[in-house]
Amino acid sequence: MKDEPGIAQDFESSVNPEQASRLLRLAISGSDRPVDDLLCRLAESDSAAWLAEALTAGPVGAFGSPPRVLCEGTLTLDQLLSIKKDSTALALKARDQAARLAAMASYFFAVAAGLAHFGRNISSRERGHLEPMLLDLAAVTPEVWSKLFVHAAAALSSEA
């Protein structure tokens, strides 16, 4: 019988120390924020491909390449508000966890772009709740997205 890597080995090789630390803090704190499910999904080994598909197939994809439109700031504030609104509606009518997480990703990415490019919090979430979520998302996303979330958190901090 051939030795095959187990789930633990696959997980260990796909999670960097910062992601592992974040996941451990979540487990210890017992936090039950809805974004925590998204954070766990983004920490999985196939997260880059999953995220690309989720953003392209969702409200963001209607405007073009998600990295281009969100990270380069080619969308207007009204377009970001539309993405946020559509993402909220999709999350509310989602029939399964995968659809809910994809909608949630679109929501938070639109909120981050609003902050990073316009200095506007388009979310109804208060700064004290939103800033830790943005930093948590920065810790588990690939670099191009991580920078967006860091810039968004910085914009939110300067808003205070």
### Query
Heavy-atom count around Q97 CD within 6.0 Å, excluding the residue itself: above 12?
yes

### Query
Heavy atoms, side chains only, cut-off 4.5 Å: are R33 and P132 in contact?
yes

### Task
Could you check if a side-chain atom of P34 sits within less than 4.5 angstrom of a side-chain atom of Y107, using non-hydrogen atoms only?
no

### Message
Is it the case that the side chain of S87 and the backbone of I83 share a donor-acceptor pair, with hydrogens and angles ignored and the cut-off at 3.5 Å?
### Response
yes

#### Entry: Gap separating the CE atom of M104 from the OG1 atom of T88, nearest 0.5 angstrom
10.0 Å

### Message
Check R68 with E72, please: is the shortest side-chain N to carboxylate O separation under 4.0 Å?
### Response
no

### Task
Using side-chain hydrogen bond (donor to acceptor under 3.5 Å, both in side chains) as the criterion, list what pairs up with D46, not counting sequence neighbours.
R41

### Single-linkage hydrophobic cluster, 4.5 Å side-chain cutoff, L134 and V150 together
no

### Query
Do side-chain atoms of S146 reach the backbone of P142 as a donor and acceptor pair under 3.5 angstrom?
no

### Nearest-0.5 Å distance, CZ of residue R100 to CG of residue L92
10.5 Å

#### Entry: side chain to side chain contact (heavy atoms under 4.5 Å, CB included) between L42 and L101, intermediate numbers included
CA-CA 10 Å; L42 290 169; L101 292 176; over 6 Å; no

### Query
Should L90 and S106 be marked as a side chain to side chain contact (heavy atoms under 4.5 Å, CB included) after you check the CA-CA gap, both sets of side-chain angles, and the distance that decides it?
CA-CA 10 Å; L90 286 171; S106 291; over 6 Å; no

### Task
Answer whether the closest heavy-atom distance between the side chains of F108 and K84 falls below 4.5 Å.
no

### Task
Using the test side-chain hydrogen bond (donor to acceptor under 3.5 Å, both in side chains), find all partners of Q79 that sit at least two apart in sequence or belong to another chain.
T76

### Message
If you compare all heavy atoms of L77 against all heavy atoms of F118, which two are closest, and at what distance to 0.1 Å?
### Response
N-CZ, 3.6 Å

#### Entry: NE2 on H117 to SG on C71, rounded to 0.5 Å
6.5 Å

### Query
Does the ring-ring contact (aromatic ring centres under 6.0 Å, His included) test come out yes or no for F149 and F109, once each step is laid out?
CA-CA 8 Å; F149 286 110; F109 281 69; 4.8 Å; yes

### Task
Check the pair L38 / L137 against side chain to side chain contact (heavy atoms under 4.5 Å, CB included), numbers first and verdict last.
CA-CA 9 Å; L38 178 59; L137 286 161; 4.0 Å; yes

### CE on M133 to CG on L156, rounded to 0.5 Å
11.0 Å

### Query
How far apart are the C-alpha atoms of L130 and N121, what are their side-chain angles, what is the distance that settles it, and do they pass the side chain to side chain contact (heavy atoms under 4.5 Å, CB included) test?
CA-CA 9 Å; L130 185 57; N121 179 6; 3.4 Å; yes

### Query
Is W50 linked to L70 within one hydrophobic cluster, defined over Ile, Leu, Val, Met, Phe, Trp and Tyr using a side-chain heavy-atom separation of less than 4.5 Å?
yes

### Task
Treating Ile, Leu, Val, Met, Phe, Trp and Tyr as nodes and any side-chain heavy-atom pair under 4.5 angstrom as an edge, say whether F63 and L115 lie in one connected cluster.
yes

#### Entry: Minimum side-chain heavy-atom gap D86-S82 below 4.5 Å
yes

### Task
Output yes when a side-chain donor or acceptor of S47 lies under 3.5 Å from a complementary backbone atom of E44, and no otherwise.
yes

